[in-house]
**Student:** 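Mind looking over this structure? Questions follow.
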Amino acid sequence: MFLRVERLTKRFGGLLAVNDVTFSIEQGKINAIIGPNGAGKSTFFNLISGLHRPTSGTITFKGRDITRLPANERAKLGIARTFQTTHLFEQATVMDNVIIGHRLRTSSNLFDAILRTKRHRREEQACKEKAMEVLDFVGLTDVADRMVANLSQEQKKRAAFALALATDPELVLLDEPAAGINPDETEGLEELIVNMVQRGLTVCLIEHKMSMIMKIADRIMVLNYGEKIAEGTPEEVKNNEAVIQAYLGGSAIA
Amino acid sequence: NSSTTNNNAGGGNNNNGGGGGAETGTVNIGYSGPLSGPAAYYGQRTLNGLKMAAEEINNSGGFEVKGKKYKINLVPLDDKYLPNETAANAKRLVQEHHTPIIFTPHSGGVMALQVFNQTDNFIIAAYTSEPKITQTGNKLTVRIPPRYDGYIPTFTDYAMKRFGKKLAALPTATQYGKDWTEKLLPYWEKQGGKVVYKSSIDFTKDTDFFTIVTNALKEKPDVLFIGGASEPTAKVAKQARELGFKGGFIIMDQAKLDEMKRVTGSYDMLEGSIGVMPLVESDEPAVPEFVKNYRAKFNEDPGSEAAYNYLALYAFVEAMKAAGTVDDPQAIREHMNDGLKNIPAEKKVYNVPSIGDDGGFESEIVVAAVENGKIVPIELIDK
Amino acid sequence: MLEVANISVRYGSFAAIRDVTFSVKRGEIAVLLGANGAGKSTLFRTISGLHKPVQGEIRLNGERIDSLPPDRIVGRGVVQCAEGRKLFPRMSVYENLLMGAYVHRKDKDGIRRSLEHVYELFPILREKRNEPAGSLSGGQQQMLAIGRALMSRPAVLLLDEPSVGLAPLIVEQMFATIKQINQEGTTILLAEQNAHAALSIAHRGYVFENGTIVASGTAEELLANDDVRKAYIGG
Amino acid sequence: MAILEKRRLWLAALIAAAILFPLFVANGYYVHMMTISFIWMIAVYGLNLFAGYTGYLSLAHAGFFAIGAYALGILTVKAGWPFWLAFAAACLLTTLIGVFVGLVALRTKEHFFAIYTLCVGYIIYLIIDKWDSLTGGVRGFIGIPAPADIGPLSFQTPAAQYYLVLFFLLVVVWIMHRLVYSLTGRTYIAIRNSEELALTLGISTMKNKLASFVLSVFFTSLAGALYASFIRFLGPDIAYVSVMFDFLTYLLVGGIGTLAGPVVGTLLVTFLSQQLQFLQDYRMLIFGPVLTLLIIFYPHGIAGGIIRLKAKRGEARRLQLEARQASAELAAASRQERSERYAKEG
Amino acid sequence: MELFIQQLLNGLTVGSVYSLVALGLTLVYGILHIPNFAHGALYMMGGYVTLTAMTKLGMPYGLAIVASMAAVGLLGVLMERLVFYPLRNAPPLHDKIAAIGILLFLEAFAQFVWGADYQTMPTPYGDVVTVFGFTLTIQRILIIASAVIIMILLYLFLKKTFIGASIIAMAQNREGANLVGINTNKVAMLTFFLSGSLAALAASLASPINLVFPGMGHLVILKAFVIIILGGMGSIPGAIVGGYILGFSESLGATYVSNDYKDIIAFAILVIILTVKPNGLFAKEGR
Ligand SMILES: Nc1ncnc2c1ncn2[C@@H]1O[C@H](COP(=O)(O)OP(=O)(O)OP(=O)(O)O)[C@@H](O)[C@H]1O
Ligand SMILES: Nc1ncnc2c1ncn2[C@@H]1O[C@H](COP(=O)(O)OP(=O)(O)OP(=O)(O)O)[C@@H](O)[C@H]1O
Ligand SMILES: [Mg+2]
Ligand SMILES: [Mg+2]
């Protein structure tokens, strides 16, 4: 079992944002989560990535119980994420952003830094190489020296991908990567996601753009009011009466 | 060593009588104290005394040493009460103004200066009662204020006889207040008294004194020992009365009865207080003139800070005359006794007959009490 | 009704909008199409007075409003539902809506009626009226933002990408709602990337690229325009 | 490369000037002021590391400065330890206290952290002020020895003390330089920019913040110990908020988050405030507004402002270059087009 | 027991003063997100203006307080316009330092105008009253009563009026406030006005039981900061509750633990509370 959540519940005051959800993310696949606004999708990500503590339930990753692990430890285990509102180090260059992304795979400390030890130099080099590699992968090599604040929306999305990839993850959680991106650019992102999976990564994706989901997702889970109301292949979900009722509506796919 | 004299003083601001010819020299006298920030009031009062003395001396044509006329140029610098700033100021005063004497009104500053004043060769004119500064064997330190332990027997005797044996101590939380307390309380107990409450009030931190006074009064003391700056001390006395206290006050010499009266409105509230004789009520012959001039110049009544520093500057000038030098601090220090003796009678606002071997002024003290709403002098008793 | 003439806006040395001219007629829905970073939000912010243009004029019913401060522009009836929603996160949904009626704060009856109206449009808001706005989901917040804008009974409503991050079902509803609001008499200027949906309810459209208008026409014309189809509708 | 060389040259010149300073300036006052400024600089570098690079404003640093100073005093005078042993122990002890404070204080964020540490600093001040038997209380602490000789090196003269302090300052600057451009430094900056993001990138923000905080406390305690052995008298006032405000002023005027900031700011502000001495009681009447105006019109500080200016010029140059390149490409393209057309026609 | 109640009353008096000061501080914090280090200077100016209005202009105490609230309120507005407004987009450190600059200036200014000495503020309410065996002066009752009334009025103003709500709205999203038609400049000025007035009121009430001098702001400002983080910065109820907690902890700490260490006790309470609740007692929820 790659990542499995069991009876996961998150309560905010009186509100059950995630309610008793059991779900597995399958390795090497594109796992999608859809559902109406406020269904608890982002909260679900926050629980998996460790930004929120679940009220009850367990999360296991590669056989290990990570329910109580802090976010940074989970990242070290190989869980990376992007945020719904793109979240980057705005006041730094793309390159500097991505270099920091690989920091968790290095171990040099304050003293290494001050004494410029061999380890430090080696790791610095490794970080730079990693950064170049992922920038190349997402296609941002030419803007590596730009300040993030000066990037276009689409470039920022790609930069966020790069940042997640720099952590050498096994699982990448993408929260609405295509929001605010035009159709043309959306296709580019789709390609990128598919490429990631081809390189052996596992993706879990939240998206409202149904065309995209239906095209690239292998499996879909549907949340509504924090509860799982359906799960299956795109074909199955698309024709699920409950899902149409709750989410897709009449003319389902644009 | 370079000369401390230079014609037409540089950088000064107290140049009266403007250029009295080529034979008039200038002696720069340094001052470093708190002129800004919370302690500025205190710093300014000490400085005012010096300003007044300097002005008087200059207006009377300066003073003569070995046939040459000198005027005084006072160079005051602000140190915000911080010892390191005092040190920096002193370095500057010595290097740029060649001051043989530097006045400083706080023990921290004095101690920071004592690190180098003997090598840099200048006298510290210390307006602080901290005993340690004269115990370190520093040969160029002069302690100006009187020793407060002279007050203690008289105060104790008076308060105990008039009100009773139970004492609550609420002095200011400064080192001065603490030293006073450490001297007073053992003596009080030795005389058969009892100390029922002891704490201190930090006038820079406490918004209201009701809490602490309530706590002191619950022990039913006959006498309250209070003190610190006059005005907040008066507030403490007033609040004690509001809380129903009927006994007497022993007032530490830093606070002045006349200044306290301005806060309480009348001496009635201070009935039964014993403290130092207010300068304005003192019967030293030089006082009325001094008070008059001081009021005219600074628009307030002088306190002892101003008066002692005023006196001290006269003493130093006389010592220079006696030593026959204006730039040899050691010689000046050696002639301090002559200096004190030679202070003109009309300038003697206090009677300081001599200076001790340790460098402390040995002043005569005058004590007063409030009886029936009036200040009355009290005879000193010896321990 | 709303006219924008020769407007240019800069961020420091960067020219975000260059010499843009267009207008919205009374009772119309006009849509601004454009990719990310084309300058739509900048233009909206400029109309609302949050940015000062370096040149050009903005007129409402013939009167210049480009030198007015933002609150006065709202007072004239030009209200924006901004990108990023700009809600008051720790105020309740109800209080947020109430603040929307700030310019009509004297008119208690009117406020009550507007409130009812908004609750009818977005029933979920009535349900959540005592929750802090910050605890709503993205979509709910979007509805609240539109609701709040409606509370000031705008003559011209500027909607900056109202469909961003919304579920398809909600997007559909949202456009229906926009149409309804328009039919009730509000002039609407809409910025969108979802060109198909937007043009299907709009009367007129402008295509924005790199800070200038590159194409304009009625909704039908634009829908029929091949370039526009390719760039903004896809497939 | 050329820029690097130039910077090296500047640095060498500056250090040389600092070394030659006491030889050419006979005025003991200037040497004294310089020495004390160097001490402030070391403390301000401590503050800069944590506030400027890691993004957390600690207002307890005056307190740590005081602990370093008092620890040295107490260990030498009361415990009778040899000077240098006491010196090391004072820094170590303060750093240790820093670890504990950090562990608790770093649970809070932003302004909470600032005010929380303000209170910690105030508690330190109160303890020094009240614990008479250990610290001398309001009376102050007296009799701290000057630095002891190390072999042939003696630190009794002002000039020797100047060099000692300069030495420590250079070490601190060197460490800062190494740190800022390292992975660790980048990590601190990342935390400053967004702690949440750093956390999801697998960075243990707590550990890094703590390390940075502790090192910054160490620098400040070092400054405190040097202060104690230079001024040789201590009062509780050195732990008071006004000293903290001084540190902050030096840092901000110089430029927070820059390497040169602490040096530039400290020199400028001490110079200015000394120059205003002639105003006596009213110098704050001028100094206050000058400070406020500096902040409004030079928001990045002097050093920060210069860096930005350079960056802007650099950016402009880059844009120019790009534009030239683009037009060259365009020209090439049109040439090709033309040749193609000719080829067709031909 | 008697002592306990007397000390509670004493704590209530000081707590009222602290709360009023902290309220002004927390209001400005809520809007501008800056701790206004110059707030203590506003307090000090409040004391001096009231005193001057009484002694130089012969105004009665009550009128002098109103005049002082207006004057110091305007001073607050001036501060906002000249310093904080230009700095509104600067990093958060800057306004702190700018505020320090103002603080230094105002203290020097007060010393320049009124001198460095302690001054006494006369009060018509100096009489002592004994209620159930507990001693109070009318002035102290006045302090407590006015503080409570002002707090209630402020609460009603913020909660029940549109203008008041606009302050809260702006505190939460400045641009959002702009977009619903709130003139954010006016609100910022209004907030500073309120903040200054509250400081002036606190100083005018407290001065008759203490003194007026240039450094008087130091008495309250650090404690006010303790209070507002205790209560959760920007929280109005937090400032009130925090003020009284501090007042009581001082009076009871001085009585039952040690007078010398009562400030340390107060600060230790803060450290303990923040260790347990890092965002203060009234921490704000939501994203
Ligand atoms: N505050 C700012 N400072 C500098 N540049 C800015 C600022 N805000 C926006 N820009 C730049 O101005 C251009 C136009 O931005 P704007 O937000 O108006 O675009 P948009 O069409 O609304 O895009 P989106 O679809 O992302 O909302 C972009 O290149 C953007 O990077
Ligand atoms: N920190 C929080 N505190 C209180 N309630 C929260 C918090 N975060 C989320 N919620 C609530 O939890 C529910 C789920 O929110 P979540 O953001 O997970 O939705 P979502 O499925 O991602 O929606 P969207 O597609 O609109 O982004 C919502 O009702 C929201 O109001
Ligand atoms: Mg979401
Ligand atoms: Mg936009």
Side-chain angles (χ1 to χ4, degrees), chain B residues 11-13 31-32 34-41 43-44 47 75-97 106-116 119-120 128 130-133 135-136 172-179 200 202 205, chain D residues 25-37 39-40 69 122 125-126 129-130 132 136-146 156-158 161 227-238 240 242-243 246 270 273-288:
Chain B
N13 52 348
Y31 170 91
S32 175
L35 297 175
S36 65
Y41 179 45
Q44 271 176 2
L47 180 58
V75 190
L77 295 177
D78 178 19
D79 63 21
K80 299 185 272 188
Y81 229 67
L82 292 172
N84 59 292
E85 300 254 344
T86 319
N89 285 345
K91 287 273 179 189
R92 182 172 184 174
L93 289 167
V94 170
Q95 292 285 339
E96 299 189 342
H97 303 280
H106 54 115
S107 59
V110 174
M111 289 177 185
L113 297 192
Q114 284 186 334
V115 172
F116 60 87
T119 45
D120 284 19
T128 163
E130 167 66 55
K132 275 202 183 138
I133 62 160
Q135 286 162 9
T136 49
T172 170
T174 61
Q175 51 116 343
Y176 191 53
K178 287 182 176 173
D179 292 343
S200 57
D202 193 337
K205 298 197 189 76
Chain D
V25 179
N27 189 328
Y29 159 61
Y30 290 121
V31 176
H32 180 96
M33 282 316 298
M34 220 36 157
T35 313
I36 194 88
S37 298
I39 294 176
W40 297 142
Y122 194 62
Y125 163 75
L126 285 177
D129 191 60
K130 301 285 180 203
D132 284 11
V138 279
R139 166 178 288 130
F141 198 97
I142 179 174
I144 301 162
Q156 298 302 320
T157 66
Q161 284 167 2
Y227 175 94
S229 58
F230 179 60
I231 300 294
R232 296 167 61 185
F233 166 80
L234 297 173
D237 281 335
I238 54 164
Y240 198 60
S242 50
V243 173
D246 283 348
T270 26
S273 107
Q274 286 295 316
Q275 286 308 304
L276 291 177
Q277 269 282 8
F278 72 94
L279 293 165
Q280 295 183 38
D281 352 358
Y282 305 120
R283 70 172 153 152
M284 288 302 146
L285 222 45
I286 308 291
F287 184 76

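In what follows, chains carry the letters A, B, and so on, assigned in the order in which the sequence lines appear, proteins first and then strands, with residues in each chain numbered from 1. All figures in this text were calculated on a predicted structure; none of them were measured in a lab.
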**Student:** Checking Leu126(D) against chain B: side chain, backbone, both or neither under 4.5 Å from a heavy atom?
**Tutor:** side chain
**Student:** Answer with side chain, backbone, both or neither: which region of Tyr227(D) has an atom nearer than 4.5 Å to a non-hydrogen atom of chain B?
**Tutor:** side chain
**Student:** Would you mind telling me which of Leu93(B), Asn84(B), Leu82(B) has the largest number of heavy-atom pairs within less than 4.5 Å of chain D?
**Tutor:** Asn84(B)
**Student:** Contact part of Ser200(B) toward chain D, heavy-atom cut-off under 4.5 Å: side chain, backbone, both or neither?
**Tutor:** neither
**Student:** Non-hydrogen atoms of chain B under 4.5 Å away: do they reach the side chain of Ile36(D), the backbone, both or neither?
**Tutor:** side chain
**Student:** Is atom CZ of Phe116(B) surrounded by more than 12 heavy atoms (other residues, nucleotides or ligands) closer than 6.0 Å?
**Tutor:** yes
**Student:** Is there side-chain contact between His32(D) and Gln95(B), with at least one heavy-atom pair below 4.5 Å?
**Tutor:** no
**Student:** CE/Met33(D) to CZ/Arg92(B) distance, rounded to the nearest 0.5 angstrom?
**Tutor:** 8.5 Å
**Student:** Looking only at heavy atoms, what is the nearest atom pair of Gly108(B) and Phe233(D), with distance?
**Tutor:** CA-CE2, 3.0 Å
**Student:** Which atoms of Ala40(B) come close to chain D, meaning under 4.5 Å heavy atom to heavy atom: side chain ones, backbone ones, both, or neither?
**Tutor:** neither
**Student:** Atom OG1 of Thr86(B) and atom CD1 of Ile231(D): how far apart are they, to the nearest 0.5 Å?
**Tutor:** 9.0 Å
**Student:** What part of Phe141(D) is in contact with chain B, defined as an atom under 4.5 angstrom from a non-hydrogen atom: side chain, backbone, both or neither?
**Tutor:** neither
**Student:** About how many Å separate CD of Glu85(B) and CG of Asp237(D), when rounded to the nearest 0.5 Å?
**Tutor:** 11.0 Å
**Student:** For the residue pair Lys178(B) and Asp129(D), what are the closest heavy atoms and their distance?
**Tutor:** NZ-O, 4.2 Å
**Student:** Indicate yes or no: at least one non-hydrogen side-chain atom of Lys80(B) is less than 4.5 angstrom from one of Ser242(D).
**Tutor:** no
